[in-house]
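Presented below is the structure to which this report refers.
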Amino acid sequence: MEEYLSQLNESQLQAVTYSEGPSLVIAGAGSGKTRVLTYKIAYLLHQGFPPQSILALTFTNKAAREMKERIASIVGEQQARRLWMGTFHSIFSRILRSEASYLGYPSAFTIYDSADSKSLLKSIMKEMQLDDKVYRIGTVQSRISNAKNSLITVKAYEQSKELIEADQHSKMPLIAEIYKRYQARCKQAGAMDFDDLLLQTNILFRDFPEVLEKYRRFFRYILVDEYQDTNFAQHLIVQRLSELHQRICVVGDDAQSIYSFRGANIDNILQFKNVYPGCKIFKLERNYRSTQSIVNAANSLIHKNKEQIHKTVYSENSVGEKIRVISSYSDYEEGYVVAGKIAEMRMAGTHYTYSDFAILYRTNAQSRILEEALRKRNIPYKIYGGLSFYQRKEIKDIISYFRVIVNPHDEEALKRIINYPTRGIGETTVNKLIAAASDNEVSLWTVLQDPAAYKLPVNSGTANKLNAFRELLESFMLKNDQLSVEELAAVVVKETGIVGSLFQDRSVEGISKQENLQELIKGISEFAELKLEEGAESVKLADFLSEVSLLTDQDNDKNENANKVTMMTVHAAKGLEFKNVIVVGLEEDLFPSLMAKDSLRAIEEERRLFYVAITRAEENCLLTYAKSRFRNGQSSICSPSRFLKDIDAEFLDIPSVASAEDTFQSKRAEYQSAALSSFRNQTKAEDVFSSPVTAAAQQRVSHLTKINDAASSGGNVSALNSNLQPGCRVRHERFGEGEILQIEGTDANQKATVLFDNFGQKQLLLKFAKLTLV
DNA sequence: TCGATCACGATTTTT
DNA sequence: TCGTGATCGA
C-alpha cells in the first residue's frame with residue numbers, strides 16, 4: 001500500500017488518506033481525480049472496510065468499469081468485484097428491484113428509456129386532444145423530468161402555485177394533468193423512467209425508514225464522482241445514506257458542470273460545505289495532463305465565469321504549442337482542413353497515431369460532414385454517440401418482445417410489437433385497447449387476456465388476431481422458464497416471423513438489420529456466458545434486460561484500442577483525454593448554442609463546456625470555425641464564437657493565409673477530387689466577406705454582408721464578374737480563396753480556371769460560380 | 001388496415 | 001437535409 005501512496009502528490013495523498021469525516025475534493029481538469037478515487041477505495045479496503053460496504057457512484061458506466069478495473073489491478077479481482085460501484089441509475093435500479101414490493105412495483109419492472117416515455121407522453125396528449133404545436137413534446141417531457149429530478153411528485157406539482165402559474169403562463173395549463181396520467185400509466189405498466197429510478201428511491205427511503213436504515217448500515221463509506229453533475233434527487237439520496245456515519249467523499253470540479261439541462265445543480269457542490277458541516281476540502285490544482293499553454297488558455301477562459309470555486313490550476317509540463325485557431329469559409333472546408341491537419345500532424349515526423357486525435361463538436365449533426373472529409377482522405381475514425389445500438393428500430397423491436405415476456409404489462413413494448421411483424425392489428429384496434437384499459441384502470445395486457453370482460457368493441461376477426469397474438473406471447477413466457485436466454489431469443493425471432501421477413505429484404509439496410517440482429521443474439525449469449533463465469537447460477541432474460549436498458553453506445557465498444565480518430569460531442573468527451581484535440585464549429589449560435597443566448601447562466605455553462613473541450617488536450621489543441629454553415633437545409637452565415645475572445649490572445653496562434661497555403665500545397669490533387677464532389681452540392685446563397693481575415697479581424701466579430709441569391713439576379717452576376725481577370729484573387733463560398741489562372745469563353749459560357757488555396761485547381765462556369773474579388 | 005406519397009417542421013447536450 | 005407525420009387510395 002505504501003508503495004502506491006508514494007505515487008501521489010501531497011494534496012492527492014491527503015485526500016486519499018482522510019477518512020474520518022465528510023470530504024470534498026475539488027479536482028481541476030487533469031489533476032488525477034480518478035487516481036485519487038481509485039487509490040482512496042484501495043486505501044479504504046486496506047483499512048479494513050469490506051468491499052461490499054463501499055458504495056461508489058459514477059456518472060457513466062464507462063467510468064465505473066474503468067475504475068473497477070484499476071482497483072482490481074491494485075487489490076485483486078475478487079475484492080473489486082464485490083464493491084458497489086456503478087452509475088446512480090444502475091445501482092439504484094438494483095436496489096429498487098429488490099425492494100420493489102414496498103412501492104407496489106414488480107421487481108422485474110421495465111425501464112422506459114426517453115424514447116419510450118416520449119411515445120407514452122405523445123399518446124396521452126393525443127387522448128387528451130391537446131395540440132402538439134402548443135404542447136411541444138420536448139418541452140412537456142423536460143418539464144416533467146425537471147419536476148421529478150427536483151423530487152416534485154404529481155401531488156406536489158398540482159399543489160404548487162408557482163408551477164401551475166408557470167404552465168399557464170406558457171400556455172400549457174394541463175401539464176400537471178399530463179404528468180398525473182403519465183405517472184399512472186407508468187405504474188400500470190410496471191415501468192419506471194430514468195428519472196423514476198432516482199425519484200422512487202427517494203420515496204422508498206422517505207416512506208420506509210426501515211429500508212433506509214438497512215442501507216445506511218450496509219454502506220459504510222460512500223464516494224461520488226463528478227459531484228458537480230448531480231441533481232437534487234441524487235444529492236438527497238446520498239445525503240440520506242450518509243447522514244449517520246458521515247463517511248462520504250465527493251469529487252468534482254465546478255468548472256466542468258455541463259449537465260444542468262438534465263437537472264444537474266451546480267449548487268450541490270458549491271453548497272456541499274454547508275450541508276456537511278466540518279467537511280474537509282481538498283483542492284487538486286496541479287494538472288498532469290496538458291501543456292502549460294493549454295492549461296493557461298483554459299484558465300483564462302474559465303475566469304470569465306462569475307460562479308465558481310476559486311482555484312489555480314497549473315501545469316509543470318512543457319510550455320508546448322499555442323492553441324491554434326483556423327477559420328474556414330464553409331463547413332465543408334472546415335472538414336477538409338481538419339482532415340488535412342490530422343494527416344499533416346501525423347506525417348510530421350512525430351510519433352502520433354490516429355488514435356491520438358479527437359475531433360470534438362457541439363452537436364451530433366456536425367459529425368456527418370467531418371466524417372465525409374475523413375473518409376475521402378482515408379483517415380480511419382470512430383464516432384461515439386448518435387443513436388446507440390440498442391435504440392435502433394430493429395433492435396428495439398426485438399427487445400420489446402423480451403420486455404413483454406418479462407413484464408407483459410409494459411405498454412410501450414406491447415404497442416411496438418402488437419403489429420410487428422404485421423398481423424392485421426392496426427391503429428384503430430390499438431386505440432380501442434388503450435381506451436378500454438384506461439377506462440378500467442388496467443394494463444393493455446389485462447384487457448388482452450379477457451377482451452369480452454372489458455367490453456372491447458372489436459369484430460370477431462380482430463378478436464381472433466388478438467387472441468393469436470396473446471397465445472404467441474404466452475407460449476414465449478412459458479418457454480422463458482425452460483430455455484436459456486440465448487435459446488429463447490432464437491425461438492422468438494423465429495416464431496414471430498421476424499427472421500423470415502428480415503431475410504427477404506436484400507437491400508443494404510435490410511442486410512445491416514440482419515447483421516444487427518445477429519449482433520444482438522451474440523451479445524445476449526456473451527452476456528449469459530459472462531454472468532455464468534462470474535458465478536451466477538442461471539441467467540434470466542430479466543437479468544439481461546435490466547442491464548441493457550441502462551447501457552449506452554460507449555459501453556459496448558468492441559475495438560476500443562483500434563487506431564482511429566475519435567469523433568464525439570464535447571459532452572461525451574468529458575473525462576477523456578487525447579494528445580491532440582480539434583474543437584470544430586466555434587461559431588455564435590452553435591457554440592455557444594442558440595438556446596443559451598438569452599441566459600447568463602446558460603452561457604456560463606456553454607463556457608464550461610468549452611473549457612471541458614480544451615482541457616481534454618494533452619499536447620495540441622486546435623480550434624476551428626467556419627464562416628458559413630449548412631443549417632436547416634440552407635447555408636447561413638456564421639460569426640466566430642465569443643469564446644475565442646475569452647481566451648487571452650497570448651495563448652492563441654492564428655496562422656496567416658499564406659502559411660495555410662503552404663500546408664496544403666502538396667496535397668492539392670486530393671483536394672481537387674474532394675472539391676469536385678462537393679461542387680455538385682454547391683449552394684445558391686452567396687456570402688461575401690468584408691475583408692481578408694487577419695488576426696485582428698478574428699478577434700472581433702467579423703462584419704458579414706449577404707448578397708442576394710445569384711440565380712435570381714443572374715444579370716448582376718456577369719456584371720459582377722466582368723472585371724475578373726487572370727491574377728485576381730477571388731473568394732468562393734465553398735472553396736475559399738484562390739487565384740484566377742485563366743479566363744476563357746464569352747458571356748454565358750465564360751469559364752475561369754481558379755487555383756484555390758485549399759482545394760486545388762478548378763474550372764468554374766462564371767454563370768454559376770459566385771466568385772467575388774478579394 | 002396498409003402502403004405509398006407528400007408536405008412539413010425542426011434541430012443541444014444524455015443516464 | 002433529413003426524418004417524421006398526415007393524407008390518400010386500394
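Just so it is clear: chains get the letters A, B, ... in the order the sequence lines come, proteins before strands, and each one is counted from 1. Keep in mind that the numbers below use all heavy atoms, side chains included, and drop hydrogens, waters and symmetry copies.
Following rounding to the nearest Å, Glu427(A) (CD) and dG3(B) (P) show an atom-to-atom distance of 14 Å. Going from atom CG of Leu609(A) over to atom P of dT14(B) covers 10 Å, rounded to whole Å. Remark: P of dG3(C) and CG of Asn364(A) are 14 Å apart, rounded to the nearest angstrom. At whole-Å resolution of the value, CD1 in Ile383(A) and C1' in dT14(B) are 17 Å apart. Between the CD atom of Glu605(A) and the P atom of dT14(B) there is a distance of 13 Å, given to the nearest Å. Between Glu371(A) atom CD and dT1(C) atom P there is a gap of 17 Å when expressed in whole angstrom units. Whole-Å rounding puts the Ile137(A) CD1 to dG3(C) C1' distance at 16 Å. Taking atom CD on Glu587(A) and atom P on dT11(B), their separation rounds to 20 Å, with Å as the unit.
Of the candidate nucleotides dG5(C), dT11(B), dT15(B), dT15(B) has the atom lying nearest to any side-chain atom of His89(A). Listed nucleotides: dC2(B), dC2(C), dT13(B). Nearest to the side chain of Thr422(A): dC2(B). Checking dG3(B), dT15(B), dT11(B) against every side-chain atom of Ser114(A), the shortest atom distance belongs to dT15(B). When each of dT14(B), dT15(B), dT12(B) is scored by its nearest atom to the side-chain atoms of Thr87(A), the top-ranked nucleotide is dT15(B). Among the nucleotides dT13(B), dT15(B), dT1(B), the one closest to any side-chain atom of Phe194(A) is dT15(B). In the set dT11(B), dT14(B), dT13(B), dT14(B) carries the atom at the smallest distance from any side-chain atom of Ala572(A). Distance from the side chain of Arg368(A) is smallest for dG3(C) among the nucleotides dG5(C), dT11(B), dG3(C).
Among the heavy atoms of the strands, none lies under 4.0 Å from Lys133(A). In this structure, Thr429(A) reaches the sugar-phosphate backbone alone: every heavy-atom distance under 4.0 Å involves primed, P, OP1 or OP2 atoms, never a base. Among the protein residues, Asn419(A) comes within range of the sugar-phosphate backbone only, with heavy atoms under 4.0 Å from sugar or phosphate atoms but none that close to a base. Within 4.0 Å (heavy atoms only), Phe88(A) reaches no atom of the nucleic acid at all.
For dT1(B), neither phosphate oxygen OP1 nor OP2 lies less than 4.0 angstrom from any side-chain nitrogen or oxygen of Lys465(A). Dashed line: the shortest gap from a side-chain N or O of Thr60(A) to OP1 or OP2 of dT14(B) is not under 4.0 Å.
With respect to Asp116(A) and Arg403(A), a salt bridge is recorded, a charged nitrogen being found less than 4.0 Å from a carboxylate O. The pair Lys415(A)-Glu411(A) counts as a salt bridge, with a side-chain nitrogen and a carboxylate oxygen less than 4.0 angstrom apart. Lys627(A) has no carboxylate O lying under 4.0 Å from a charged side-chain N of Glu587(A), or vice versa, which leaves the two without a salt bridge.
Note: Tyr259(A) and Phe59(A) meet the aromatic proximity criterion, with ring centroids under 6.0 Å apart. Aromatic pair Phe261(A)/His571(A): centroids less than 6.0 angstrom apart.
When each of Gly426(A) and Tyr259(A) is assigned the nucleotide of DNA chain B bearing its nearest heavy atom, the one mapping closer to the 5' terminus is Gly426(A). Mapping Gly424(A) and Asp195(A) onto DNA chain B by nearest heavy atom places Gly424(A) closer to the 5' end of the strand.
The side-chain ring of Phe261(A) is not stacked on the base of dT12(B), judged by centre separation under 5.5 angstrom and plane angle under 30 degrees.
Looking at Arg631(A), its side chain has no donor and acceptor atom pair within 3.5 Å of the base of dT1(C).
Here, dT12(B) and dG5(C) have their C1' atoms 23 Å apart, quoted to the whole Å.
Side chain of Gln391(A) to backbone of Lys396(A): no donor-acceptor contact under 3.5 angstrom is found.
With Thr624(A) as the fixed residue, the side chain to side chain contact (heavy atoms under 4.5 Å, CB included) test singles out one of Val583(A), Asp331(A), Ile359(A), Val584(A): Val584(A).
The base-pairing partner of dG9(B), taking Watson-Crick or G-U wobble contacts with both distances under 3.5 Å, is dC2(C).
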